Amino acid sequence: MIISDYHIHSSFSGDSVEDLDRICRKAKELGIKEIAITDHMDLDVIGTTNSNDFMLNLDEYVPTILKLKDQYKDDLDIKLGMEFGIQRHLGEVGDKIIEKYPFDFIISSVHSVDKLLLDQKEFWENKTREQAHDKYFLEILKSVENFNRFSVQGHLDFITRYGGIDKKGFIDYIRYQDIIDEILKKIISKGKGIEINTSGIRYNENRFYPCDDIIKRYFKLGGEILTIGSDSHKASDLGKDFKKAYDFLESIGVKYISSFDQLDVSFKKIK
Ligand SMILES: [Zn+2]
Ligand SMILES: [Zn+2]
């Protein structure tokens with residue numbers, strides 16, 4: 001049984017055309033009781049990509065999701081969420097925006113470094129893979145330090161998806177262990193969580209974001225807050241590969257995942 005899917009995009013995201021009703025119907029069909037709609041807001045991004053694609057009109061988005069929440073309240077618990085594209089200089093800006101609306105759940109995701117989206121070639125020019133990965137992890141650390149109103153850190157090591165064939169590859173966990181430890185400790189000390197993002201399996205990386213070692217380390221360091229999200233941009237990807245995530249968590253002795261209401265965390269047992 002799928003308990004909840006905490007990372008879902010709809011047509012409010014520039015990179016999705018999915019209809020919200022279809023998402024809700026699909027969730028019901030799969031027997032999912034709880035979903036978080038987490039459309040993109042990425043501020044202050046320059047370069048070739050149309051940055052308007054990642055703007056989110058909150059005055060339209062928030063009432064739409066709240067209406068949907070009410071409409072489905074008898075059989076689906078819909079959370080008002082957002083995936084906020086964090087950069088180290090946007091912590092305060094993000095906090096102020098989020099404070100104005102009744103959000104249940106916020107994913108903090110580093111999609112850009114130096115205002116360049118990671119899927120743009122400009123970010124990768126004149127950098128080795130190691131230099132790019134170094135910059136990326138440092139950006140996460142600085143962002144976690146500067147941002148407060150978020151629930152979980154999104155797809156913590158998903159940079160391996162980008163950079164072209166010669167730059168892709170597994171996260172060299174040993175090389176990055178120290179900075180990853182710093183990031184995880186900071187997340188834990190702020191009372192925040194991480195997500196298991198199952199999209200890595202769909203993107204042929206055959207792993208979750210983050211990788212198993214990072215998830216294990218988070219719990220070893222005392223972390224307790226974890227959501228699982230499909231990062232679906234179409235309804236047919238809802239809840240994909242969640243069984244693998246539950247099995248993995250069971251294998252490492254984790255018994256609970258998290259739920260959020262108005263940014264407050266509670267826990268649900270994995271059955
Ligand atoms: Zn993302
Ligand atoms: Zn996403």
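Numbers here are sequence positions counted from 1. Excluded from the calculations below are hydrogen atoms, water molecules and symmetry mates; all remaining heavy atoms, backbone and side chain alike, are included. Just so it is clear, the structure is predicted and the values come from calculations on it, not from any experiment.
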- May I ask you to decide if Ile106's main-chain N or O and Ser151's side chain share a donor-acceptor pair within less than 3.5 Å? yes
- Check against side-chain contact (heavy atoms from CB on, under 4.5 Å), Ile98 and Met82: CA-CA 9 Å; Ile98 292 157; Met82 173 166 74; 3.8 Å; yes
- Query: In Å, rounded to the nearest 0.5 Å, how long is the span from CG of Leu76 to CD1 of Ile78?
  - Reply: 4.5 Å
- Interatomic spacing from CD1 in Ile257 to CD1 in Ile228 - rounded to 0.5 Å: 4.5 Å
- Query: Is there a path of hydrophobic side-chain contacts, each under 4.5 Å between heavy atoms of I, L, V, M, F, W or Y residues, that connects Val17 with Leu238?
  - Reply: no
- Task: Classify the ring geometry between Phe147 and Phe84 as parallel (under 30°), tilted (30 to 60°) or perpendicular (over 60°).
- Result: tilted
- Message: Using a strict threshold of under 4.0 Å (side-chain N to carboxylate O), is an ion pair present between Lys28 and Asp75?
- Response: yes
- Are Glu34 and Lys268 ion-paired here, with the side-chain N under 4.0 Å from a carboxylate O? yes
- Message: Looking at Lys100 and Asp59, is any side-chain nitrogen of the basic one under 4.0 Å from a carboxylate oxygen of the acidic one?
- Response: no
- Message: Tell me if a side-chain donor or acceptor on Asp104 pairs with a main-chain N or O of Gly81 at a distance below 3.5 Å.
- Response: no
- Query: Do the charged groups of Arg217 and Asp181 touch, with an N to O distance under 4.0 Å?
  - Reply: yes
- Just by modelled atom types, is the Leu116 backbone N or O under 3.5 Å from a matching donor or acceptor in the Asp114 side chain? no
- Query: With side chains defined as the heavy atoms from C-beta onward, is the minimum distance between Tyr176 and Ile183 less than 4.5 Å?
  - Reply: no
- Thinking salt bridges, do Lys185 and Glu182 make one under a 4.0 Å N-O criterion? no
- Task: State whether the number of non-hydrogen atoms from other residues, nucleotides or ligands found under 6.0 Å of Lys135 atom NZ is greater than 12.
- Result: no
- Donor-acceptor pair, Thr38 side chain versus Ile8 backbone, under 3.5 Å? yes
- Message: Quick check against the 3.5 Å criterion: does Trp124 have a side-chain atom that pairs as donor or acceptor with the backbone of Leu118?
- Response: yes
- Message: So for atom CD, which belongs to Glu224, do other residues, nucleotides or ligands contribute more than 12 heavy atoms lying within a distance under 6.0 Å?
- Response: no
- Message: Any side-chain to backbone donor/acceptor pair from Ser109 onto His111? Under 3.5 Å, distance only.
- Response: no
- Query: So, are Asp157 and Arg207 salt-bridged, with charged N and O less than 4.0 Å apart?
  - Reply: yes
- Check: Phe123 ring centre within less than 6.0 Å of Tyr162 ring centre: no
- Any Lys/Arg nitrogen of Asp44 or Lys115 sitting under 4.0 Å from an Asp/Glu carboxylate oxygen of the other? yes
- Give a yes or no on whether the backbone of Cys211 and the side-chain of Tyr173 come within a donor-acceptor separation of less than 3.5 Å. no
- Roughly how far, to the nearest 0.5 Å, is the CD1 atom of Ile140 from the CG atom of Leu156? 4.5 Å
- Note on the structure: To the nearest 0.5 Å, atom NZ of Lys26 lies from atom CG of Asp19 at 14.0 Å
- Side-chain heavy atoms of Leu184 within contact of Ile194, under 4.5 Å: yes
- Please examine the side chains of His133 and Ile159, heavy atoms only from C-beta on, and report whether any two atoms are closer than 4.5 Å. yes
- Query: Got Ile225 and Lys192 here, is their nearest side-chain heavy-atom distance under 4.5 Å?
  - Reply: no
- Message: Evaluate Asp264 against Gln262 for side chain to side chain donor-acceptor pair (under 3.5 Å), listing each step before the verdict.
- Response: CA-CA 5 Å; Asp264 284 338; Gln262 310 257 314; over 6 Å; no
- Task: Could you verify whether a donor N or O on one side chain and an acceptor N or O on the other, from Gln153 and Ser108, lie under 3.5 Å apart?
- Result: yes
- Query: Going through the distances and angles, do Ser230 and Asp237 end up as a side chain to side chain donor-acceptor pair (under 3.5 Å)?
  - Reply: CA-CA 7 Å; Ser230 62; Asp237 284 333; over 6 Å; no
- Do other residues, nucleotides or ligands put more than 12 heavy atoms under 6.0 Å from the NZ atom of Lys190? yes
- Task: Report yes if the side chains of Met41 and Ile97 come closer than 4.5 Å at any heavy-atom pair, otherwise no.
- Result: yes
- Sub-4.5 Å side-chain heavy-atom contact between Pro102 and Leu66: yes
- Query: Going by the angle between their ring planes, with limits at 30° and 60°, are Tyr209 and His155 parallel, tilted or perpendicular?
  - Reply: perpendicular
- Task: Start with the C-alpha distance between Phe105 and Ser259, add both sets of side-chain angles, then the distance that settles side-chain contact (heavy atoms from CB on, under 4.5 Å), and finish with yes or no.
- Result: CA-CA 9 Å; Phe105 175 69; Ser259 244; over 6 Å; no
- Task: Classify the angle between the aromatic ring planes of His9 and His40 as parallel (below 30°), tilted (30 to 60°) or perpendicular (above 60°).
- Result: parallel
- Should we count CD of Glu250 as having more than 12 external heavy atoms under 6.0 Å? no
- Intermediate values then yes/no, salt bridge (Lys or Arg N to Asp or Glu O under 4.0 Å), Glu92 and Lys96: CA-CA 6 Å; Glu92 204 177 316; Lys96 281 194 174 137; 3.4 Å; yes
- Item | Short side-chain to backbone donor-acceptor contact, Asp77 and Lys33, under 3.5 Å | no
- Should the pair Glu145-Lys186 be classified as a salt bridge under the 4.0 Å nitrogen-to-oxygen rule? no
- Message: Applying side-chain contact (heavy atoms from CB on, under 4.5 Å) to Ile196 and Leu249, what does each step give before you reach the verdict?
- Response: CA-CA 10 Å; Ile196 290 186; Leu249 289 173; 4.0 Å; yes
- Arg88 atom CZ, over 12 foreign heavy atoms within 6.0 Å: yes
- Item | Side-chain touch Tyr218/Ile215, heavy atoms, less than 4.5 angstrom | no
- Query: Between Asp247 and Lys244, is there a side-chain N and carboxylate O pair less than 4.0 Å apart?
  - Reply: no
- To the nearest 0.5 Å, atom CG of Asn146 lies from atom CD1 of Ile86 at 7.5 Å
- Message: Less than 4.0 angstrom from a charged side-chain N to a carboxylate O is my criterion; do Lys234 and Glu18 meet it?
- Response: no
- Query: Mind checking whether Glu205 and Phe158 have side chains closer than 4.5 Å, heavy atoms only?
  - Reply: no
- Look only at the side chain of His233 and the backbone of Asp231, and say whether a donor-acceptor pair between them is shorter than 3.5 Å. yes
